[in-house]
Protein chains: 2
Amino acid sequence: MALNLSPDSRVPIFEQIERYWIYRIAAGDPATGERIPSVRDMAQRILVHPNTIVHAYGELERAGIIVARRGIGMEVTADAPRICKEKRESLLGDRVRELFVEAEQAGMSRADLVRLVREIMNQMGAE
Amino acid sequence: MALNLSPDSRVPIFEQIERYWIYRIAAGDPATGERIPSVRDMAQRILVHPNTIVHAYGELERAGIIVARRGIGMEVTADAPRICKEKRESLLGDRVRELFVEAEQAGMSRADLVRLVREIMNQMGAE
DNA sequence: CTCCGTGTACCACAATTCTAGCACACTAGT
DNA sequence: ACTAGTGTGCTAGAATTGTGGTACACGGAG
């Protein structure tokens, strides 16, 4: 469950960090009232500039997931679990929809897509 | 089968154009020896700057899918159908893999993912 | 009070993507 | 020849994303 950053990915680093905490909080690990690592701590842990962390945390705050307490840290709100679960469904749903759209544009039938998915699932092992 | 550009998408416009022709050629519509629209024609048709088309066509040429003939146009090569079919599988495979990775990071089980996929498939209609 | 750790606010710079415009080289048709 | 249409090359700017650095404001521990 570690944060595995992909700097070459199309999704910006700040958004990868944002999603990481959304998924973590949706899973209940940092619960309401608890705090997530400070900007500088997080930056040092994943070797990213503090400003990038600030950007990610700012998005989480605007979404009502965390609240900034100066001199203290970023605290998980009461609504955070609900919001994060909703966002988790939304994010994964978007990915699935994108896959369907791409397959349709590629002229690939639904049956072929299912076959491709099974093939890749086998490649990636049981888990 | 029209080119539906998404300027706000994370995938750059030049790459959307590139994929469009890969999928088209993989389907066999512009066949070997035929030509794809000129840079200026394509730019005017989809309301994009010619330089963006040049970028997309340049990638297709580097991949050996088309060959530039000055004063004539961009011609589909003999190897293009094979290359485009390979790329089509590769592109869709990457999308599927990304979905699995995202679901795993979200702590979503494979069963839950399958359930989500079916749900969205129903939402998107039969087709 | 002082010190340290916290969030916040700037500024500057680089890389990528896209837009914008211009000039040049080549080919076909007239 | 001339013209129109093709690909090619160049410079420049805007917007986004990320890095790098500095300074300031707030709160708790000593």
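Judged as a side chain to side chain contact (heavy atoms under 4.5 Å, CB included), and not counting sequence neighbours, A:Arg70 has no contacts.
Shown here for A:Ala106 and B:Leu92, the closest heavy-atom pair between the two residues is CB-CD1, 4.0 Å.
Both A:Gly71 and A:Thr52 sit near DNA chain D, but only A:Thr52 has its closest nucleotide nearer the 5' end.
The CZ-P distance, from B:Arg35 to D:dG5, rounds to 15 Å in whole Å. Atom pair A:Leu5:CG and D:dG18:P shows a separation of 10 Å (rounding to whole Å applied). Between the CD1 atom of A:Ile53 and the C1' atom of D:dG21 there is a distance of 16 Å, given to the nearest Å.
In this model, no donor atom of one side chain and acceptor atom of the other lie less than 3.5 Å apart for A:Tyr23 and B:Glu104.
Among residues at least two apart or in separate chains, side chain to side chain donor-acceptor pair (under 3.5 Å) pairs with a member in residues 3-14 of chain B are A:Glu15-B:Arg10.
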Anything under 3.5 Å between a protein N or O and an N or O of nucleotides 8-17 of chain D, put it in a table, one pair a line.
| from | atom 1 | to | atom 2 | distance (Å) |
| --- | --- | --- | --- | --- |
| D:dT8 | O4' | B:Arg70 | NH2 | 3.4 |

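Taking 4.0 Å as the cutoff to heavy atoms of chain A, we find the contact window on DNA chain C bounded by C:dG5 to C:dC10.
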Can you give the donor-acceptor pairs under 3.5 Å from side chains of residues 25-34 of chain A to other protein atoms, not counting sequence neighbours?
| from | atom 1 | to | atom 2 | distance (Å) |
| --- | --- | --- | --- | --- |
| A:Asp29 | OD2 | A:Arg24 | NE | 3.3 |
| A:Asp29 | OD2 | A:Arg24 | NH2 | 2.7 |
| A:Thr32 | OG1 | A:Thr77 | O | 2.9 |
| A:Glu34 | OE1 | A:Ala31 | N | 3.0 |

Identify every side-chain donor-acceptor pair in residues 37-59 of chain B under 3.5 Å, counting partners at least two apart or on other chains, and give the distances.
| from | atom 1 | to | atom 2 | distance (Å) |
| --- | --- | --- | --- | --- |
| B:Ser38 | OG | B:Asp41 | N | 3.1 |
| B:His49 | ND1 | B:Asn51 | N | 3.1 |
| B:Tyr57 | OH | B:Pro37 | O | 2.8 |
| B:Glu59 | OE1 | B:Arg62 | NH2 | 3.0 |

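In summary, B:Glu89 and B:Lys85 do not engage in a salt bridge, as defined by a charged side-chain N under 4.0 Å from a carboxylate O.
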For B:Ile72 and B:Arg35, run side chain to side chain contact (heavy atoms under 4.5 Å, CB included): C-alpha distance rounded to whole Å, both residues' side-chain angles, the deciding distance at 0.1 Å, then the answer.
CA-CA 9 Å; B:Ile72 309 289; B:Arg35 293 195 288 272; 3.6 Å; yes
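Residue contacts shown for A:Ser38 are limited to sugar-phosphate atoms, with no base heavy atom under 4.0 Å away.
For A:His49 and D:dG20, a side-chain-to-base donor-acceptor distance below 3.5 Å is present, hydrogens and geometry of angles not being considered.
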